[in-house]
Amino acid sequence: MLDIRRIRQEPEELQRLLAKKGVEVDFGPLLDQDAKRRQLLTQMEQLKAERNRVSQEVARLKKEGQESQHLIEEMREVGDRIAAFESSVRQLDDDILRLLLTIPNPPLPDVPDGKTSEDNQEVRRWGAPRSFDFAPLPHWDLGEALKIIDFERARKISGARFAVLTGMGARLSRALIDFMLDHNRQRGYLEIAPPYLVNRDALIGTGQFPKFADDVFRVVPHELFLIPTAEVPLTNLHRDEILAEAALPIRYTGYTASFRAEAGAAGRDTRGIIRQHQFDKVELVQFVLPEESPDALERMVADAEHLLQLLGLPFRTVLLCGGDMGFAQAKTYDIEVWMPSYGRYVEISSCSNMGDFQARRANIRYRPSASKKTEFVHTLNGSALAVGRTIAALLENWQEPDGTVVLPEVLHPYLGGETRIVPT
RNA sequence: GGAGGGGUAGCGUAAUUGGUAACGCAGCGGUCUUGAAAACCGCCGCCCUAACAAGGCUUGCAGGUUCGAGUCCUGUCCCCUCCGCCA
């Protein structure tokens with residue numbers, strides 16, 4: 001959420017930055033309502049000050065046994081006027097908040113211009129796509145041949161965009177989660193196991209609501225929502241809290257299933273496990289001092305990249321252009337893994353600096369030791385990594401001509417010493 | 001799901017028939033001290049403001065009654081205990 005004071009002070013600059021995301025915003029109505037609200041607020045507070053003063057006077061007169069009826073009648077009328085102001089101010093508050101919640105986070109100045117993923121900037125490349133001397137299979141065919149992914153039965157029990165992992169598929173998934181969590185913990189993140197169902201305020205806090213409610217599964221009649229990412233519960237852990245400066249940075253990692261309705265993604269990635277309604281992910285979330293968030297983002301990307309290096313999966317890292325960024329992000333790096341079936345790099349992690357955007361929505365602050373005033377922290381999040389896509393990448397990149405799949409060494413301890421997946 | 005008890009600043013506790021939130025601890029700053037402790041003084045919820053002054057708001061949340069609500073009324077959320085159910 002944008003700071004209304006900043007909108008007052010530099011609306012043109014904000015409009016210029018938001019244009020990088022391809023968003024045109026007219027702050028006019030918002031600023032009008034803001035000005036009106038502050039004017040009404042002042043008048044209301046003056047009346048309240050009078051009422052407080054006279055009420056004290058009434059108490060004093062009563063104690064002394066003196067008549068106070070005329071004051072009470074006077075204040076009854078003042079009370080009615082206050083009530084009228086209150087309802088106007090409340091209405092304006094609601095309107096202003098509703099507008100603010102729909103304005104995206106302006107990108108940081110070093111975010112490149114551009115409209116689509118074509119305009120993203122590649123910043124790094126690691127490993128090289130393998131050249132196969134046989135015809136490699138896509139992971140959906142491999143998964144069925146190895147009997148480790150069952151799409152048929154998933155369709156039966158749940159529908160499209162679901163998968164059942166079987167045998168070594170399920171074990172590989174569990175091993176990856178374990179491996180990723182251990183790795184992240186060793187790099188300074190505290191492991192968290194959060195709820196998968198959250199309330200509306202949590203989703204407003206991280207930015208999914210109110211604008212992207214259609215992408216989230218809603219559990220009626222409880223008004224709870226299935227998390228679209230662990231970012232939601234992890235970031236909201238500190239909603240409405242004032243953190244000690246000494247406690248920062250706070251780094252969390254957590255495994256959860258994630259649930260996305262994928263509204264508007266019809267026809268994309270329909271085969272395989274790249275895009276599912278339910279998928280596993282290990283997430284990183286950080287709360288940091290504002291001045292430290294740029295460095296924290298670089299470090300977070302390196303943490304996620306390191307996992308891919310250990311797994312021996314070729315990847316490239318791209319800095320997203322404004323037009324390809326999400327609603328709440330101030331700066332985003334995507335890490336893309338080489339996916340032979342696609343013949344290109346595919347997103348396997350997205351790491352973002354959210355600036356104070358989520359902190360304002362979720363009211364996450366800290367108290368700088370130097371000053372009395374509280375400040376908003378900066379939040380960051382990133383996947384490390386998306387488990388389903390990692391499985392797909394491992395199967396495709398490490399398949400052998402005989403139909404088996406070689407498992408990277410780092411996973412052997414997590415798989416009881418198994419070194420490859422063989423057909424059963 | 002049912003019954004009962006509870007929610008006041010980081011923690012622990014106050015507040016007369018309704019009269020405008022008090023105290024202790026912790027924390028921060030200062031005095032004193034070689035340093036520390038102790039003692040003493042100040043600060044120690046939020047908003048508005050460039051900042052100040054002034055003012056407003058704040059007893060889980062949202063309403064209501066009232067000149068005035070921590071206190072009375074309604075709804076709701078959360079926590080605890082017991083019963084029921086349950087992995």
Side-chain angles (χ1 to χ4, degrees), chain A residues 1-11 13 30-31 33-98 100 193-205 209 219-225 233 236-248 250 257 287 289 356 359-377:
Chain A
M1 187 164 67
L2 283 173
D3 183 0
I4 186 74
R5 278 172 292 200
R6 190 172 167 205
I7 298 178
R8 270 181 231 145
Q9 283 159 8
E10 43 174 35
E13 170 69 2
L30 184 59
L31 289 172
Q33 283 176 316
D34 174 54
K36 193 169 171 201
R37 174 187 169 275
R38 283 184 296 152
Q39 189 211 330
L40 293 180
L41 198 63
T42 307
Q43 295 179 39
M44 180 182 76
E45 289 187 352
Q46 279 167 2
L47 285 177
K48 283 187 170 180
E50 183 185 354
R51 184 180 64 182
N52 287 342
R53 200 180 61 245
V54 175
S55 287
Q56 289 286 32
E57 179 71 3
V58 169
R60 191 183 63 78
L61 290 175
K62 283 205 168 179
K63 199 174 284 178
E64 294 173 0
Q66 296 191 49
E67 189 273 339
S68 58
Q69 196 52 39
H70 64 290
L71 288 180
I72 288 174
E73 274 160 26
E74 223 171 90
M75 284 309 103
R76 189 171 300 152
E77 196 233 328
V78 170
D80 290 344
R81 292 175 63 198
I82 289 174
F85 274 114
E86 271 180 339
S87 113
S88 306
V89 169
R90 194 178 317 134
Q91 184 62 51
L92 284 166
D93 277 340
D94 289 350
D95 292 347
I96 290 167
L97 181 63
R98 211 177 56 239
L100 283 176
Y196 292 7
L197 287 165
V198 296
N199 57 33
R200 186 175 293 276
D201 284 343
L203 286 154
I204 289 173
F209 279 12
V219 181
V220 287
H222 304 285
E223 279 306 285
L224 286 169
F225 304 86
N236 278 281
L237 280 178
H238 294 300
R239 173 151 50 93
D240 291 323
E241 288 187 19
I242 299 175
L243 304 166
E245 184 177 17
L248 301 175
I250 294 171
F287 305 81
L289 294 175
D356 65 5
R360 281 183 190 283
R361 292 177 158 244
N363 194 29
I364 308 169
R365 293 167 295 173
Y366 75 102
R367 200 184 304 281
S369 51
S371 96
K372 268 177 59 179
K373 202 107 174 88
T374 55
E375 302 282 349
F376 291 105
V377 301

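Here is how names work: the chains are called A, B, and so on, in the same order as the sequence lines, proteins then strands, and each is numbered from 1.
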Quote, to the nearest angstrom, the C1' distance that separates B:G12 from B:A26. 11 Å
Distance check, P atoms only: B:U71 and B:A62, in whole angstrom units. 13 Å
Tell me the salt bridge (Lys or Arg N to Asp or Glu O under 4.0 Å) pairs involving residues 64-73 of chain A, sequence neighbours left out? A:Arg60-A:Glu64
Quote, to the nearest angstrom, the C1' distance that separates B:C44 from B:C28. 7 Å
Tell me the partner of B:C11, counting only Watson-Crick (N1-N3 plus N6-O4 or O6-N4) or G-U wobble (N1-O2 and O6-N3) with both under 3.5 Å; none if nothing fits. B:G24
Taking a pair to mean Watson-Crick or G-U wobble geometry with both distances below 3.5 Å, B:U74 pairs with B:A62
Could you give the distance separating B:G27 and B:C77 at their P atoms, to the nearest angstrom? 39 Å
Under the side-chain hydrogen bond (donor to acceptor under 3.5 Å, both in side chains) rule, collect the residues that match up with A:Arg81, sequence neighbours excluded. none
Please step through side-chain contact (heavy atoms from CB on, under 4.5 Å) for the pair A:Leu92 and A:Leu40, ending with a clear verdict. CA-CA 10 Å; A:Leu92 284 166; A:Leu40 293 180; 3.8 Å; yes
For A:Ile204, is there any backbone N or O sitting under 3.5 Å from a side-chain donor or acceptor partner on A:Arg361? yes
Using whole Å, what does the distance between atom P of nucleotide B:G68 and atom CZ of A:Arg76 come to? 9 Å
Apply side chain to side chain contact (heavy atoms under 4.5 Å, CB included) to A:Leu61 and list each qualifying residue two or more places apart in sequence or on a separate chain. A:Glu57, A:Gln66, A:Ser68, A:Leu71
Checking N1-N3 plus N6-O4 or O6-N4 for Watson-Crick, or N1-O2 and O6-N3 for wobble, each under 3.5 Å, the partner of B:C40 is B:G30
Nearest whole angstrom, please: distance from the C1' of B:G68 to the CZ of A:Arg60. 16 Å
Quick check for you: to the nearest 0.5 Å, what is the distance between A:Glu223 atom CD and A:Leu197 atom CG? 12.0 Å
What protein N or O atoms touch nucleotides 17-19 of chain B N or O atoms at under 3.5 angstrom, if any, and at what distances?
unit_1, atom_1, unit_2, atom_2, d
B:G19, O6, A:Lys62, NZ, 3.4
B:G19, N2, A:Ser55, O, 3.0

Could you tell me which residues satisfy side chain to side chain contact (heavy atoms under 4.5 Å, CB included) with A:Leu97, sequence neighbours excluded, listed by chain and number? A:Met1, A:Leu101
Taken in chain and number order and not counting sequence neighbours, the residues that satisfy ring pair (Phe, Tyr, Trp, His ring centres under 6.0 Å) with A:Phe376 are none
Would you measure the distance from the C1' atom in B:A69 across to the matching atom in B:A15 and give it in whole Å? 13 Å
What string of B, S and - do you get for nucleotides 73-78 of chain B 5' to 3' if you count protein non-hydrogen atoms under 4.0 Å? ------
Salt bridge (charged side-chain N to carboxylate O under 4.0 Å, His left out) filter on A:Glu13, not counting sequence neighbours, yields A:Arg16
Length of the CD-C1' vector between A:Glu375 and B:C46, whole Å: 15 Å
Sequence-aligned protein contact record of nucleotides 50-64 of chain B, with B where the base is within under 4.0 Å of a protein heavy atom and S where only the sugar-phosphate is: -----BSS-----S-
How far does the P atom of B:C23 sit from the matching atom of B:C78, given to the nearest Å? 35 Å
Applying side chain to side chain contact (heavy atoms under 4.5 Å, CB included), name anything that partners A:Gln43, two or more places apart in sequence or on another chain. A:Gln39, A:Phe85
Under 4.0 Å, heavy atoms only, any strand: does A:Arg38 hit a base, just the sugar-phosphate, or nothing? sugar-phosphate
Just grab all the salt bridge (Lys or Arg N to Asp or Glu O under 4.0 Å) pairs involving residues 84-94 of chain A, residues at least two apart or on different chains. A:Arg37-A:Asp93, A:Lys48-A:Glu86
Taking atom P of B:G10 as reference, at what distance in whole Å does atom OH of A:Tyr366 sit? 18 Å
Please give, in whole Å, the distance from B:C47 P to A:Ile96 CD1? 17 Å
Let me know the distance between CG of A:Leu40 and P of B:C48, rounded to the nearest Å. 17 Å
P gap between B:A22 and B:C73, integer Å: 25 Å
What verdict does the salt bridge (Lys or Arg N to Asp or Glu O under 4.0 Å) test give for A:Arg76 and A:Asp80, after you've listed the backbone C-alpha separation in whole Å, the side-chain angles of each residue and the deciding distance to 0.1 Å? CA-CA 6 Å; A:Arg76 189 171 300 152; A:Asp80 290 344; over 6 Å; no
Could you tell me the separation between the CZ atom of A:Arg81 and the P atom of B:C67, rounded to a whole number of Å? 16 Å
Residues passing the side chain to side chain contact (heavy atoms under 4.5 Å, CB included) test with A:Gln91, sequence neighbours excluded, are A:Asp95
Residue matched to B:G1 through Watson-Crick or wobble contacts both under 3.5 angstrom: B:C83
Please measure how far the C1' atom in B:C47 lies from the corresponding atom in B:G24, and state the result in whole Å. 28 Å
Here the distance between atom P of B:C67 and atom CD of A:Glu77, to the nearest Å, is 13 Å
